[in-house]
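See below for the structure under consideration.
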Number of protein chains: 2
Amino acid sequence: MAVKSEHIPKATIARLATYIQVLSEFKREGTDVVSSERLAEACSVNSSQIRKDLAYFGEFGVRGVGYYVQDLITSIKRSLGIDRAWNCALVGVGNLGRALLRHREFSRKGFIIRGAFDCDPYKIGEVVEGMEIVCSRQLPAKVKELSLEIGVITTPPERAQRAANYLIGAGIKGIINFAPARIAVPKHIHLEYVDFFHCFYAAAFHIRFADTND
Amino acid sequence: MAVKSEHIPKATIARLATYIQVLSEFKREGTDVVSSERLAEACSVNSSQIRKDLAYFGEFGVRGVGYYVQDLITSIKRSLGIDRAWNCALVGVGNLGRALLRHREFSRKGFIIRGAFDCDPYKIGEVVEGMEIVCSRQLPAKVKELSLEIGVITTPPERAQRAANYLIGAGIKGIINFAPARIAVPKHIHLEYVDFFHCFYAAAFHIRFADTND
DNA sequence: TCATGTTTGTGAAATTAATAACAGAATCCT
DNA sequence: AGGATTCTGTTATTAATTTCACAAACATGA
Ligand SMILES: NC(=O)c1ccc[n+]([C@@H]2O[C@H](COP(=O)([O-])OP(=O)(O)OC[C@H]3O[C@@H](n4cnc5c(N)ncnc54)[C@H](O)[C@@H]3O)[C@@H](O)[C@H]2O)c1
Ligand SMILES: NC(=O)c1ccc[n+]([C@@H]2O[C@H](COP(=O)([O-])OP(=O)(O)OC[C@H]3O[C@@H](n4cnc5c(N)ncnc54)[C@H](O)[C@@H]3O)[C@@H](O)[C@H]2O)c1
């Protein structure tokens with residue numbers, strides 16, 4: 001049983017990711033046990049927030065003691081469904097796609113890019129980080145062959161919908177879209193947008209109007 | 001006057017960025033006027049949400065008509081403070097840093113990377129996308145010389161705090177941290193975290209537990 | 001064993017955000 | 001011109017999320 005409650009806020013999922021990051025840091029420092037209070041401080045959140053977030057998934061702490069760091073990392077990972085590897089397809093091997101392919105942390109965290117696809121004939125056949133770039137047309141075959149579950153779109157924005165359509169047709173389960181374009185997907189496909197500019201905009205807003213807001 | 005109300009929700013700022021994206025798409029398609037209803041549909045939000053978000057900043061629409069697309073883009077940009085250019089410093093010119101440097105969209109959107117800094121002597125002096133990589137030690141001088149306001153951290157996580165310290169010491173106003181590490185900054189410095197893994201985790205969670213959640 | 005101190009898990013309260021409802025303003029059509 | 005229609009801006013309502021507060025659980029030391 002991984003989920004105790006029915007609906008889990010999106011914000012909770014985002015925070016769980018932060019908790020893992022901070023807990024891993026504690027682990028590296030040699031801390032074995034941590035209280036919600038101390039974890040909260042390191043994550044800049046309220047301590048009840050942490051306890052409530054965890055309560056959606058189960059009881060992971062020991063009263064009077066706190067949380068065993070390694071155990072909590074394991075529990076959160078299981079709760080999020082990242083206690084196993086996920087096979088990913090990368091569509092669009094340009095600047096950003098290459099940076100992602102070269103990023104070791106993806107496989108370390110369990111997201112393994114097993115297929116790199118592009119439609120540019122000059123790029124097809126090229127090998128990046130031990131991965132051969134193949135034609136987008138091969139997506140359906142490769143998705144089945146390699147059990148790819150998550151599609152990562154790093155094409156130009158005007159091609160994002162097409163890339164999504166390929167992925168959906170190939171039977172992918174979720175899509176992470178790095179292109180700054182809204183795309184339409186059937187509702188059984190999980191879709192996440194990553195837009196770097198959002199945070200640049202937010203930074204500009206807060207710096208500019210630092211006196212009135214913030 | 002850019003801000004009508006005192007406090008503006010973080011979520012509103014994020015949505016405004018989406019509105020700009022979708023409005024720009026409408027503009028390219030030749031649409032001159034759009035209703036909150038239609039914009040809402042394209043952004044997958046509620047139409048009152050849009051009207052309310054905009055109301056924080058002013059009255060941009062015409063009753064019985066809707067919003068003039070170009071005017072609304074201009075108004076939102078002014079509201080966010082992105083009606084002018086922002087000079088940025090990039091610290092850490094590795095895989096991700098290079099992808100960002102090569103990304104034309106940054107300067108098109110008004111975020112101009114004017115300084116690229118690294119501490120690796122083999123990288124210093126190298127020219128990437130017309131930009132010479134200089135030593136991190138030169139940050140204070142360059143921040144003043146080039147009026148850099150936003151610092152972008154793309155160093156490994158264990159170096160993120162040091163990079164932040166350099167930037168803060170140099171007089172930067174805001175920091176966008178792409179490294180998966182929490183960093184401490186004085187409260188007058190605006191800080192944004194960008195963590196790609198958050199959305200991979202969210203995707204894994206929703207796909208894995210598609211039956212119970214979502 | 002029992003008192004004391006700590007810290008979790010959780011229901012209740014407070015805060016915040018999202019949605020609905022509608023009056024007022026503009027257009028369009030007859 | 002005036003009535004019907006459209007669509008914004010704003011207030012009211014509802015829903016969701018966060019914070020508070022405290023009982024229950026465990027640890028420690030006398
Ligand atoms: N580079 C960055 O730092 C950065 C930052 C933020 C967002 N983005 C976004 O990420 C996306 C990619 O950026 P980039 O800089 O890597 O662009 P890029 O032009 O370097 O790469 C795009 C790649 O997609 C391929 N492609 C185009 N259509 C395709 C299709 N239908 N199927 C498969 N492949 C296809 C192209 O051949 C090319 O290799 C863009 O949408 C961009 O806006 C990039
Ligand atoms: N590459 C990706 O796709 C990707 C994706 C998500 C997150 N990230 C994160 O972004 C960061 C950079 O990733 P990368 O793949 O580019 O790593 P990288 O190792 O290729 O680049 C890091 C660069 O930072 C420089 N550096 C180290 N310490 C520095 C300091 N104190 N001052 C200035 N420069 C310094 C290094 O010399 C190197 O050039 C990492 O924290 C990584 O976790 C990268």
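In the text below, chain A, chain B and the rest are named by the order of the sequence lines, each starting its count at 1.
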Given DNA chain D, 5'-ward residue of the pair A:R63 and A:R51, judged by closest heavy atom: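 Its nearest nucleotide being more 5', the pick is A:R51.
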5′-ward residue of the pair B:G61/A:D53 relative to DNA chain D: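 The answer here is B:G61.
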Can you tell me the distance, in whole Å, between the [atom1] atom of [X] and the [atom2] atom of [N]?
X     : N      : atom1 : atom2 : result
B:L54 : C:dT19 : CG    : P     : 15 Å
B:F57 : D:dT10 : CZ    : P     : 14 Å
A:I8  : D:dA16 : CD1   : C1'   : 14 Å
B:Y56 : C:dT16 : OH    : P     : 11 Å
A:F60 : C:dT10 : CZ    : P     : 11 Å

Between B:F111 and B:V152, is there a side-chain heavy-atom distance shorter than 4.5 Å?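 Not touching, per the 4.5 Å side-chain cut-off.
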If you take all heavy atoms of [X] and [Y], which pair is closest and at what distance?
X      : Y      : value
B:I189 : B:G174 : CG2-CA, 4.2 Å
B:G81  : B:W86  : O-NE1, 2.9 Å
B:I150 : A:A203 : CD1-CB, 4.5 Å
A:Y193 : A:I183 : OH-N, 2.9 Å
B:T154 : B:G97  : OG1-CA, 3.8 Å

I'd like to check the ring pair (Phe, Tyr, Trp, His ring centres under 6.0 Å) partners of [X]; sequence neighbours left out, ordered by chain and number.
X      : result
A:F106 : A:H103, B:F197, B:F200
B:H198 : none
A:F196 : B:F178, B:F196

Can a salt bridge be assigned to the pair A:E145 and A:R114 using a cut-off of 4.0 Å between side-chain N and carboxylate O?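 No, A:E145 and A:R114 are not salt-bridged.
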I'd like to know if B:R38 and B:E41 make a salt bridge, using a cut-off of under 4.0 Å between side-chain N and carboxylate O.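 Result for this pair is no, no salt bridge flagged.
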Dump the pairs, protein N or O against N or O of nucleotides 12-15 of chain C, anything under 3.5 Å, distances to one decimal.
from, atom 1, to, atom 2, distance (Å)
C:dA12, N6, A:K52, NZ, 3.4

Salt bridge (charged side-chain N to carboxylate O under 4.0 Å, His left out) involving B:E37 - partner list, sequence neighbours excluded: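 Applying salt bridge (charged side-chain N to carboxylate O under 4.0 Å, His left out) to B:E37 gives none.
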Who pairs with A:K77 by salt bridge (charged side-chain N to carboxylate O under 4.0 Å, His left out), at least two apart in sequence or on another chain?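 A:K77: no salt bridge (charged side-chain N to carboxylate O under 4.0 Å, His left out) contacts found.
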Applying salt bridge (charged side-chain N to carboxylate O under 4.0 Å, His left out), which residue pairs with at least one partner in residues 80-90 of chain B are found, sequence neighbours left out?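 As it turns out, the salt bridge (charged side-chain N to carboxylate O under 4.0 Å, His left out) pairs with a partner in residues 80-90 of chain B, which skip direct neighbours, are A:R208-B:D83, B:R84-B:E149.
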Which of residues 65-76 of chain A sit near DNA chain D, with a heavy atom under 4.0 Å from it?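 The stretch gives A:V65 as the residues lying under 4.0 Å from the strand, ordered by number.
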Can you pull out the residues from residues 33-50 of chain A that lie within a 4.0 Å heavy-atom distance of DNA chain C?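 The stretch gives A:S35, A:S36 as the residues lying under 4.0 Å from the strand, ordered by number.
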Considering only heavy atoms, which members of residues 15-24 of chain A lie under 4.0 Å from some atom of DNA chain C?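 Contacts with DNA chain C under 4.0 Å: none.
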Could you pull out the protein-nucleic contacts involving nucleotides 28-30 of chain D (nitrogen or oxygen on both sides, under 3.5 Å)?
none

Under 3.5 Å, which donor-acceptor pairs link side chains of residues 161-172 of chain B to any protein atom two or more places apart or in another chain?
from, atom 1, to, atom 2, distance (Å)
B:Q161, OE1, B:A184, N, 2.9
B:Q161, NE2, B:N165, OD1, 2.9
B:Q161, NE2, B:A184, O, 3.1
B:N165, ND2, B:Q161, O, 3.4

When rounded to the nearest 0.5 angstrom, what is the spacing between CD1 in A:I73 and CZ in A:R78?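 Nearest 0.5 Å value for the CD1-CZ distance: 13.0 Å.
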